[in-house]
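Have a look at the structure below, then the notes.
The basis for the numbers below is simple: all heavy atoms, side chains too, and nothing from hydrogens, waters or symmetry mates. Note that the structure is a prediction, hence the values are computed from the model and not measured. Within every chain, numbering begins at 1; the chains are lettered A, B, ... in the order of the sequence lines, protein sequences first and strands thereafter.
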Number of protein chains: 2
Amino acid sequence: MTPARSRRPGAPTRTERGIPEATVARLPVYLRALTALSDSGIATASSEDLATAAGVNSAKLRKDLSYLGSYGTRGVGYDVEYLRYQIAREIGVTQDWAVVIVGIGNLGHALANYSGFGTRGFRIVALLDADPTLVGERIGDMVVRDFAELEEIVAADRVSIGVITTPAGPAQEVCDRLVSAGVTSILNFAPVVLSVPDGVDIRKVDLSIELQILAYHEQRKSGEAALPEVPELPAMNGVVPDLPSVGGGVGA
Amino acid sequence: MTPARSRRPGAPTRTERGIPEATVARLPVYLRALTALSDSGIATASSEDLATAAGVNSAKLRKDLSYLGSYGTRGVGYDVEYLRYQIAREIGVTQDWAVVIVGIGNLGHALANYSGFGTRGFRIVALLDADPTLVGERIGDMVVRDFAELEEIVAADRVSIGVITTPAGPAQEVCDRLVSAGVTSILNFAPVVLSVPDGVDIRKVDLSIELQILAYHEQRKSGEAALPEVPELPAMNGVVPDLPSVGGGVGA
DNA sequence: TCGATTTTGTTCTCACGTTCACAAGCTCCT
DNA sequence: AGGAGCTTGTGAACGTGAGAACAAAATCGA
Ligand SMILES: NC(=O)c1ccc[n+]([C@@H]2O[C@H](COP(=O)([O-])OP(=O)(O)OC[C@H]3O[C@@H](n4cnc5c(N)ncnc54)[C@H](O)[C@@H]3O)[C@@H](O)[C@H]2O)c1
Ligand SMILES: NC(=O)c1ccc[n+]([C@@H]2O[C@H](COP(=O)([O-])OP(=O)(O)OC[C@H]3O[C@@H](n4cnc5c(N)ncnc54)[C@H](O)[C@@H]3O)[C@@H](O)[C@H]2O)c1
């Protein structure tokens, strides 16, 4: 089963010009740092400067950039504008991506009102909701449209990215509709695990999870021994001390 | 320089009862899956069932759970309620954590209106804003209060978690105020890198970054060779083809 | 021109994370 | 009682990521 591969162990497996996932996740941070430097009128920056601005270690930054090519000058640093363009190109935000938002409730409204996407390579082409009382509402310079128009809009505007801000219940169904309409990237805010076919990318933003991660560390800080030291013996199976409705929950 | 450490290579460095960070990030997902199973009236689940519900591989799930203790029964599976309680306890959501939200604009309003936190171990004790025209506004059963009252509120309610939904500009300043008031965990939505002293945990939620990561993969899908193959020679330093204002940006 | 100085690009090593594979342990049936 | 059949918990192999360290390349001043 072990083919005659003879890579040096420890070398990241990357296909032609493929970039490690961890690096991809940091490129947008570098991009933002470069834009900030550029706005401050700074034309050149060393990896140390950039790393500080981006909140990472400079060795890591240099290694990340080296995956894109050799865009710096030894002894000098990086040309801010040039590097910014190269990163923008690598990420793909030199072109605009069409985005639809589905579910114009609390969160959908906030996203629709947000001006920050347009300046970062994304164009919101439609706000969709299934609730007839919402359809027609104006938000900024857009109008909420009926979710039934999805397929038409995706085809007309070459939409490749969909944002789901519906309650958890209908999220999978909405996701399926997006995918079959031709959307191949999804950003999900609903607290459910969505399943998608191969070839479709999905990312989730989950505020409850973020808070719970903070809570875990918070608990460690305040009194290491303050944990309710409940017996861990499996003997107590089924006998749960007294947990009201705290915990996960798929709730709307 | 190599001290007499004799750990077996490959063993994760964890302090007493410390859990790997990657595992901590998945525990809330398991918690939610267990709650969903519980709500469906399922009393027992195998690692395979749970893994499917949580969208992970079953070996990973078992290893994750093994860091908490040995809460399953071989040949049978896990008792849903019991495991749910154990995970909730480990994360720290058997108790309620007091949270303040700073910056009640688009996003702050959405979070304030969201009912999902209360049922997951968090209690929003204050909505704060510096804008006098917002102070006094009712949102649900809460009233927006002046940011100046921060210290008082943190002390009175033992607030340990702060959420920042202000524009990027004032975010670091707000963060410093939170920290000096005694907050030790911060969830940041503003698109800036915040710096905090040791002992303070910080997590960020950044929608532009999420979209840009999707864009990167999207670009690979649609025409591998469709990249604008700009010369990579450093000779063109400073000469940027034609990049309007696309890219990062610290914008409000 | 040459050496001192600076800073990149890359290599090497260690740490962390994921997955496989299987012994240990539990239940149930005969 | 004893074996068949499952499922957990974990050891070991493999893959990915982070960071220290340094050689290579550029600038600058003498
Ligand atoms: N609001 C928050 O701060 C917050 C925080 C964390 C998570 N979330 C999650 O984000 C999602 C949205 O939250 P919200 O507060 O905006 O909810 P919301 O109830 O205010 O809005 C949901 C919207 O989705 C629409 N919708 C429902 N079914 C639909 C369908 N099948 N097709 C199209 N549209 C449909 C509804 O009409 C409604 O307008 C939820 O899953 C919630 O759990 C929200
Ligand atoms: N709205 C979105 O969908 C969205 C998306 C991505 C990122 N963000 C980011 O989230 C943050 C909030 O976005 P928003 O759309 O809600 O912005 P917003 O402008 O609507 O609201 C910001 C609020 O912060 C308050 N504020 C300003 N300075 C303050 C200070 N020093 N102390 C206390 N309060 C202060 C303002 O009064 C305002 O009410 C921004 O950083 C934005 O970049 C928002």
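Remark: aromatic rings of Tyr82(A) and Tyr71(A) are close, center separation under 6.0 Å.
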Apply the test salt bridge (charged side-chain N to carboxylate O under 4.0 Å, His left out) to residues Lys221(B) and Asp201(A): give CA-CA distance (whole Å), side-chain angles for both, the deciding distance (0.1 Å), then the verdict. CA-CA 10 Å; Lys221(B) 290 178 203 166; Asp201(A) 279 301; 3.2 Å; yes
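In terms of position along DNA chain D, the nucleotide closest to Asp64(B) lies nearer the 5' end than the nucleotide closest to the other residue of the pair Thr23(A) and Asp64(B). Checking Asn57(A) against Arg74(A), the closest nucleotide of DNA chain D that is more toward the 5' end is the one next to Asn57(A).
A donor-acceptor contact closer than 3.5 angstrom links the side chains of Arg62(A) and Ser47(A).
Side-chain nitrogen and oxygen atoms of Ser47(B) include at least one within less than 4.0 Å of the OP1 or OP2 phosphate oxygen of dT8(D). Distances shorter than 4.0 Å separate some side-chain N or O of Ser70(A) from OP1 or OP2 on dG9(C). Between Tyr78(A) and dA26(D), a side-chain N or O to OP1/OP2 separation shorter than 4.0 Å is absent.
dG19(D) atom P lies 13 Å from atom CD of Glu48(A), rounded to whole Å. To the nearest angstrom, P of dT16(D) lies 11 Å from OH of Tyr67(A). When the P atom of dG17(C) is taken as reference, atom CD of Glu21(B) falls 8 Å away, rounded to whole Å. With rounding to whole Å, Asp79(B) atom CG is found 16 Å from dT27(C) atom C1'. Tyr71(B) places its OH atom 17 Å from the C1' atom of dT10(D), with the value rounded to the nearest Å. When the C1' atom of dT19(C) is taken as reference, atom CZ of Arg26(B) falls 12 Å away, rounded to whole Å.
Side chain of Arg62(A), nearest nucleotide from dG9(D), dA21(D), dG17(D): dA21(D).
In this model, no side-chain donor or acceptor of Lys63(B) finds a partner on the base of dG17(C) within 3.5 Å.
With respect to the salt-bridge test (charged N to carboxylate O, under 4.0 angstrom), the residues Arg26(A) and Glu90(A) do not qualify.
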